[in-house]
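Taking it in order: structure first as structure tokens, then the write-up.
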Amino acid sequence: MSTHTRPDLATQARRDHRPWSGPERVYDLFKELVVAAAVVGVLVVALAAIIGSPDESPVSLRQWATAAPADFVATATAELAGTSDTATYGPPYNSTAGATQTLGPVDLQSLSGVREPIDTAQDFVIGPLEKLPQPVPAVAQWTAASAAQRSAWATAYAHALAKAPGGDPAKAAAGDYGPVPALDRALLASARSGTLDGILGGGTVAGLDHTGSLLFLGDGTYFPGLADRQHLTGDQWGVMNETGNYPGQSWLWLFSFWYQIPPFNALGNADLVIVGIMAVLTLALMLVPFIPGLRSIPRWIPVHRLIWRDYYRGGRDR
């Protein structure tokens, strides 16, 4: 049996504050910082010049319109009809009734209100066409019609596209679609020329606000399809993955975990529920030193003694 006893607090404090008796040498932290930054900077510039970025190029509206024109036209029609995901999302983009996630009486999504108002027909289709150098006659016909007439035209054309082989607009059945087909063709041509990327992807003077183009892309099936092929949809690595064969943000693994298991993977308000769970877990982690039993785990499973075995060797603190 060991004869060592636990030192009193005063002895422990003196040991913790005793001066260092080992070897010393001059250490220039600033010099190390400058040298490290210079070396890393040279390596980054050299590798960027030789191999470029490891990430894939951003997806553009031009790429979408060229690779999947039928999906582009179908999405533009849904924006005009007000039936796309963005058009029915609710706050902060619009006030669509019943669109928010709630937990009992709690409706956090509606608390902030509509702070980024988006009219999908105007912002994604009509507005960009109005900015083209050459006027599009169909725009005047659309703006002159009533809201009910516009909805009837767009909804009818959306149904026709859904029934057409491959969603090909050229194979859609004839009908009263008003100016919608002409609007779609003009927007498709604008996207293929690259003009639409500049209009929707600008947003600010610096041209760094891509909210409009990303929402428009996300309303179609082409962009989510790319994400699915890169395993970015949450069914495998979820938000932890990165484009290409690279791991993503490991600290988000716990958020992604909940979306994979019942009953959370079938909840309509999963986002709100999981955020609540993570808030409770984070609070519990903060309060570990104050929770009886939980705070005693290090004494029951003394992994720290294995890591700091040199310190604890010889019974310094048992």
Side-chain angles (χ1 to χ4, degrees), residues 55-89 92-94 116-145 150-151 153-155 157-158 160-162 164 166-170 172 177-227 229-230 232 243:
D55 287 329
E56 297 185 6
S57 300
V59 179
S60 65
L61 299 174
R62 182 177 187 176
Q63 177 183 339
W64 177 24
T66 302
D71 180 53
F72 184 94
V73 169
T75 305
T77 304
E79 307 294 9
L80 291 170
T83 57
S84 67
D85 288 344
T86 300
T88 58
Y89 187 83
Y93 305 127
N94 49 61
E116 297 288 339
I118 292 180
D119 180 340
T120 57
Q122 179 62 36
D123 295 336
F124 296 163
V125 183
I126 304 302
L129 292 179
E130 290 176 333
K131 296 179 181 179
L132 296 178
Q134 298 296 328
V136 179
V139 171
Q141 184 181 356
W142 173 270
T143 55
R150 296 174 189 173
S151 177
W153 283 334
T155 301
Y157 193 51
L161 290 174
D168 187 352
Y177 310 130
V180 175
L183 293 172
D184 287 345
R185 287 194 298 269
L187 194 69
L188 180 65
S190 174
R192 283 176 165 173
S193 69
T195 303
L196 190 59
D197 281 296
I199 296 175
L200 283 182
T204 63
V205 175
L208 299 178
D209 184 359
H210 300 282
T211 303
S213 58
L214 287 174
L215 290 175
F216 188 26
L217 271 167
D219 285 339
T221 60
Y222 175 73
F223 193 50
L226 295 178
R229 288 193 289 274
Q230 293 280 1
L232 299 172
T243 55

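Numbers here are sequence positions counted from 1.
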Exercise for review: Would you kindly say whether T86 and D219 are connected by a side-chain donor-acceptor distance under 3.5 Å?
Suggested key: yes

Exercise for review: Side-chain contact test, heavy atoms from C-beta onward, threshold under 4.5 Å: evaluate it for N94 versus I118 and give yes or no.
Suggested key: no

Review point. What is the distance from atom OG1 of T77 to atom OH of Y177, rounded to the nearest 0.5 Å?
Key: 10.5 Å

Check your understanding: Can you tell me if CD on E130 sees more than 12 non-hydrogen neighbours from other groups inside 6.0 Å?
Key -> yes

Review point. Which pair of heavy atoms, one from A87 and one from T83, lies closest together, and at what distance?
Key: CB-N, 4.1 Å

Check your understanding: When rounded to the nearest 0.5 angstrom, what is the spacing between OG1 in T75 and CZ in F216?
Key -> 6.0 Å

Practice item. Could you tell me whether a side-chain N or O of D197 sits under 3.5 Å from a main-chain N or O of R62, the two making a donor and an acceptor? Key: yes

Check your understanding: Looking at side-chain heavy atoms only, is the closest gap between D184 and F72 below 4.5 Å?
Key -> no

Check your understanding: Is any side-chain heavy atom of Y89 less than 4.5 Å from a side-chain heavy atom of D85?
Key -> no

Study note, to complete from the structure: When every non-hydrogen atom of W153 is compared with those of A145, the smallest separation belongs to CZ3-CB, 3.5 Å

Exercise for review: Working to the nearest 0.5 Å, report the span between CG of L129 and OG1 of T143.
Suggested key: 11.5 Å

**Study point:** Non-hydrogen atoms of A74 and L161 that approach each other most closely
**Key:** CA-CD1, 4.0 Å

Review point. Which distance, rounded to the nearest 0.5 Å, do you find between the CZ of F124 and the CD1 of I199?
Key: 13.5 Å

Check your understanding: Do D71 side-chain atoms and T221 backbone N/O form a donor-acceptor pair below 3.5 Å?
Key -> yes

Revision key, fill the gap. One should read off an interatomic distance between L200 CG and D209 CG, to the nearest 0.5 angstrom, of 10.5 Å

Review point. P128 and L196: which non-hydrogen atoms are nearest, and at how many Å?
Key: CB-CD1, 3.6 Å

Point to revise | Interatomic spacing from CG in L183 to CG in L188 - rounded to 0.5 Å | key: 12.5 Å

Exercise for review: Mark yes or no for whether T66, through its side chain, and Q63, through its backbone, hold a donor-acceptor pair below 3.5 Å.
Suggested key: no

**Study point:** Non-hydrogen side-chain atoms of L226 and R229 separated by less than 4.5 Å
**Key:** yes

Check your understanding: If you look at every heavy atom in A191 and A65, which pair is closest and at what distance?
Key -> CB-CB, 3.6 Å

**Study point:** Verdict with supporting geometry, V125 and W142, side-chain contact (heavy atoms from CB on, under 4.5 Å)
**Key:** CA-CA 11 Å; V125 183; W142 173 270; over 6 Å; no

Point to revise | Any donor-acceptor N/O pair, R150 side chain to L80 backbone, under 3.5 Å | key: no

Exercise for review: Find out whether Y157 and P169 are in side-chain contact, i.e. whether some heavy atom of one side chain is under 4.5 Å from a heavy atom of the other.
Suggested key: yes

Study note, to complete from the structure: Between L217 and P224, the two heavy atoms sitting closest are O-CD, 4.2 Å

Check your understanding: Under 4.5 Å between any side-chain heavy atoms of D123 and Y93, yes or no?
Key -> no

